[in-house]
Amino acid sequence: MSGKQNVYEINLDLPDEKLLELSRKIGIGLSLDEMKSVRNYFREQGRNPTDIEIQAIGQAWSEHCCYKSSKSLLKKFIFNIEAPQNIFVIKEDAGVVEFDKDYAYVLALESHNHPSAVEPYGGAATGIGGILRDVVCMGAQPVALIDPIFFGPLDLPYDQLPKGVKHPEFIFRGVVAGIRDYGNRVGIPTVSGSVYFHPGYTGNCLVNVGCVGIIKKDDIIHSRVKELGDIFVMVGGRTGRDGIHGVNFASAELDEESETSSRSAVQVGDPITKEPLIHACLEANTKKLLNGMKDLGGGGLSCVVGEMAHAGGFGAKVNLEKVLLKEKGMKPWEIWVSESQERMMLAVSKANLQTVLDIFDKWDVDAAVIGETISERRVLVYYEGEKIFDMDSEFLTGGPVYARDVKVVKKDQKDVKTQAPKDINDILIKMLSDPNIASKDWVILQYDHTVRGSTSLTPLYGDVVNFSPQDSAIVKPVEELNKGLVISTAVNPFLLEYDPYWGAASAIDEIYRNIVAVGGRPHSLADCLNFGNPEKPERFGDFYQAVMGLNFATKDLKISFSSGNVSLYNESMIGSCPPTPTIVGIGIIDDVEKKVSSNFKKEGNSIYLIGKTEREFGGSLYYRIIGVEGGIAPKMDPQNLINYSNALLSSMEKGIVTSCHDLSEGGLAVAVVEMAFGSDYGAIIDLPLFKDMRADEFIFSESNTRWVVEVKDEKAFESLLNKNNVPYMKIGKVSGRKLEIKQNGSKIIDAPIEKLREKWKNAIWEHMG
Amino acid sequence: MPFGSIWGDSMDRSEIKVCVLRIEGTNNEDEMYYAFKRLGASPELVHLKDLKDIFDYNCLMIPGGFSAGDYVRAGAIFASRIRAKIANDLHRFIDEGWPVGGICNGFQVLVELGVLPGFKRMDYPDACLFLNNSARFECRPTLLKHENKGKCVFTRNIPKGEIMLVPSAHGEGKLLLPREKEQEYFDRLFENDQVVFRYVDKEGEYAGYPWNPNGSAHNIAGICNEAGNVFGMMPHPERAYFDKNKNGISGMNVFESVLKYIEEK
Amino acid sequence: MKVEIKVGLKEGITDPEGLNIKKSLKLLGFDDVQNVEVKRSYVIEISGKDEKKIREDIDMMCKKLLINPVIHDYEVEMIK
Amino acid sequence: MKVEIKVGLKEGITDPEGLNIKKSLKLLGFDDVQNVEVKRSYVIEISGKDEKKIREDIDMMCKKLLINPVIHDYEVEMIK
Ligand SMILES: Nc1ncnc2c1ncn2[C@@H]1O[C@H](COP(=O)(O)OP(=O)(O)O)[C@@H](O)[C@H]1O
Ligand SMILES: [Mg+2]
């Protein structure tokens, strides 16, 4: 192999420190041990690698592509949870779960954190583009997008901004615009998400993106070649220098220079190329013309060819000069690892090739034949007739696996006695004005959440222009079925920071009750595990505890993680992000007409609280606002979660529950007032005396497994809950236009809904305009 | 021409062919398709490239979305491509009284084509759907009051004064008329019964933001041409069939109306 | 040949985008900002030597696509 | 004082907007179009006399709101 085609031999016969330097210089970020095993491999081959070969290894072995730090834990505690409804989970870009006898839904969740920190608009937009491809490459029609996003505080003074870091407000604005412009243009509704502000995200925002698709079971297609001679057809956008080394960039901490040095990793999304690409891929697939399909994401061609061939039990031969390029003069290795957007790889048998090419031509989408499968399990790359790459696909896709050191820092959690606050009204107002609680309409209304005409419950819903935040969205994906997909997301970084184990378990509790709150039966989960540098034992200790918490909470629920993603190294010079295992949950509702929304419906209806309230204030909004540290983190009991949920669901099926909202941050008080926001009404809440709790503690506690419900038939409701041994308490009624909370006759909260609504509505607008 | 009309009978529903026209980026075509399908008609999704003869159809619908990315202006690229390909046929189709409807991006396209408000035949726009006052894309429910006295063939089934809840989702929806002729044009719109829907609040009053999501003058949400067979509106009746909300009736009545018109034509 | 087409809003048409940016700048503490106008320009590279023909083509592009005469003014500059 | 900030994309960053407009112009029969770039400019009116301070403010506005140095190039022109 010579340098004739702009391909160079890389000499690995180097002393150790030079070997490591080489890894850094060519931008692949492999460790010394990894470089050594590369050296050994090529010694056995009796030659040095070419630049394109070593770049390919750099891609395939990055944390992002091969999960080298997290794989062993995930296998043991996340992937092994089983559920009968799963059809095909974990193994490919998206999980496939049964929807009804003919249809399945497809779920994928990913992070796009590092690119968004550097170029928020393009980074977030291409995140949406990537997650759509993950769903399309299973053959599914995307029906909903989900966007949990996390930033530093909006009011961070500019002089406290570390060098090279963009202000949270700038990033927030750009990320939302990127999601909006991409999602709206491709016409897939963004129906669910979350927005968090926490100092730990200042240097490294998190942008997680999820997508749900629907597919006829017969049409499911896999990310692998099927038979010898399958032809690789590359379709969609052209290949350019944008997005080179994206995965390596995603597998390192951000530093001061990231802003300028990582420009080549910035990708630009083109939704108007994507939209017809989706149509064309789905058309070719439903006509049964494809043997396999996979998207080009992290690692580009380099990863996709090797993985598709390897998974099918074959090898591949590629003619690299056939790849359609955006720009002249690209080096072969650049073509091989470029992460340009909007590209897909198809495996097509010779007999179907022309028909497939015709479909892409009809949609004005570029398609190029670039190679074929071979029987030997190797990847061979030719460039204008010359062989420039020849590697064993087992070695290439194998990648290292690590057992990282775990250090668990135990907090001694004790119950704290606090002073009774003087003005509880004021505390509630502070809560509602906290950007983490405040209305997210600045974000949500910029996204089209009704496109496709199948959104039956929108994320904000209520009385035309006044909205209550809903716990889940509902989408009806199949024209001839009334069945709906219930979509929600949950994670509370403040709780996870305080207690990664119970924080993670609480996220599962919250996702479950969010789905149940609208009338859905929880059905499957996806997780995106965003953590700091795994090479630091304490950071990896957080990861370990969170994974154990997820395992504890989920293993008996009969729902499982059908897809997920790990994003490590979310650290900058000012520290790590809080542990953030974002959870997306999917539920099923048999008839979308039976949905339950959170806004109050009718004056005079009774209000009940379901579940048990404990002195659990560790990581709570209440303690943050009154400046108290410590407390006990909320626990959860999976069996209670199931029992309470089942009882609540049957009362909903009987039509006696007219609205429902789960209790999360800010507890009962915030939940009740949010139910009033989307209605014309207020509420009068009258509490009894409690043995071990003051009224303010009761209304702000963040104990898990609780809901507020509005009920129109008290007797039927109570007898159903009694029968199922579910703890509940009648706490008041829908009434007037104020929120009044009393205990034993004396008022502790008394405020017009209109005033509370103003505070809640304006908090984010005051920054973003 | 369909068989039925020769005999003067009404046309059979399932024979009514509706062309749902698209190019890259028109992404509301499926829900538009189903709006007609659910009512028993025969819609077809047709890429502009593949459109042979518009007279193969009884109705032309331009769906919402971001045709060609809306990169120059909303609807501009789609409009100029339609004009380049079928300008004459389109005018003849309209002159013969066949219905042409545009929802959201489709409304923008019809305005960019110059067929709405359609005071005279022209090859450039005579109005504009301009950036919302909020300067951003907004997706929210809106209340529309039906104001047409019977001219618009897309709303004849809807009683005048009816208030309906219909989702809106657009960034450029504020109707602007040429400044020099603004007053004259608005007068003509009202006098000619070309105003079809206006944004209102729960009391039925013409209220400001957010009831009127874009700042459109006179709260106008939808208009038709002088003959009543070309119609455009910003909100999305094709998305409004879940919520038979207490505030109004389902958006399906828009499609029902035009199908009735074709049946009787 | 490169041509720049600068597109602005006609006099008297308020520019929501400009107003919005002004508002955001004020929120960021730039109190001295009096007004913000947003313009777009298209820089078009076009082959051919005949300046007159190019100029005509450009006008056609504006008329057919780039401009809505109800709201826009435009200027054309031949760069080279 | 009026200041114009012209913003374009850095070399090597693909511009889907320009590409899509080019494609549309070609479809409309303008075959000679080789390339389309879209630029934006902000014309900001700002009170105060101190040119140096204004220039600094403008740079801060760019940094805080209007541009991202990773992908954008910009030029500032003091008009009057
Ligand atoms: N970034 C976002 N994109 C889309 N929807 C969002 C976003 N953030 C919040 N939402 C939606 O707003 C509603 C309320 O969200 P949130 O207040 O976070 O709920 P919860 O109280 O259950 O944590 C939910 O329907 C959620 O999906
Ligand atoms: Mg909730």
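Below, read A as the first sequence line, B as the second, and so on, with proteins coming before strands; counting in each chain starts at 1.
Environment of CD in D:E75: sparse, with no more than 12 heavy atoms of neighbouring residues, nucleotides or ligands closer than 6.0 Å. Surrounding OH of B:Y124 are at most 12 heavy atoms belonging to other residues, nucleotides or ligands under 6.0 Å away. Other residues, nucleotides and ligands contribute over 12 non-hydrogen atoms within 6.0 Å of the NZ atom of B:K49. Within 6.0 Å of NZ in D:K63 there are 12 or fewer heavy atoms belonging to other residues, nucleotides or ligands.
Residues of residues 24-48 of chain D lying under 4.5 angstrom from chain B, judged on non-hydrogen atoms, are D:S24, D:L27, D:L28 by number.
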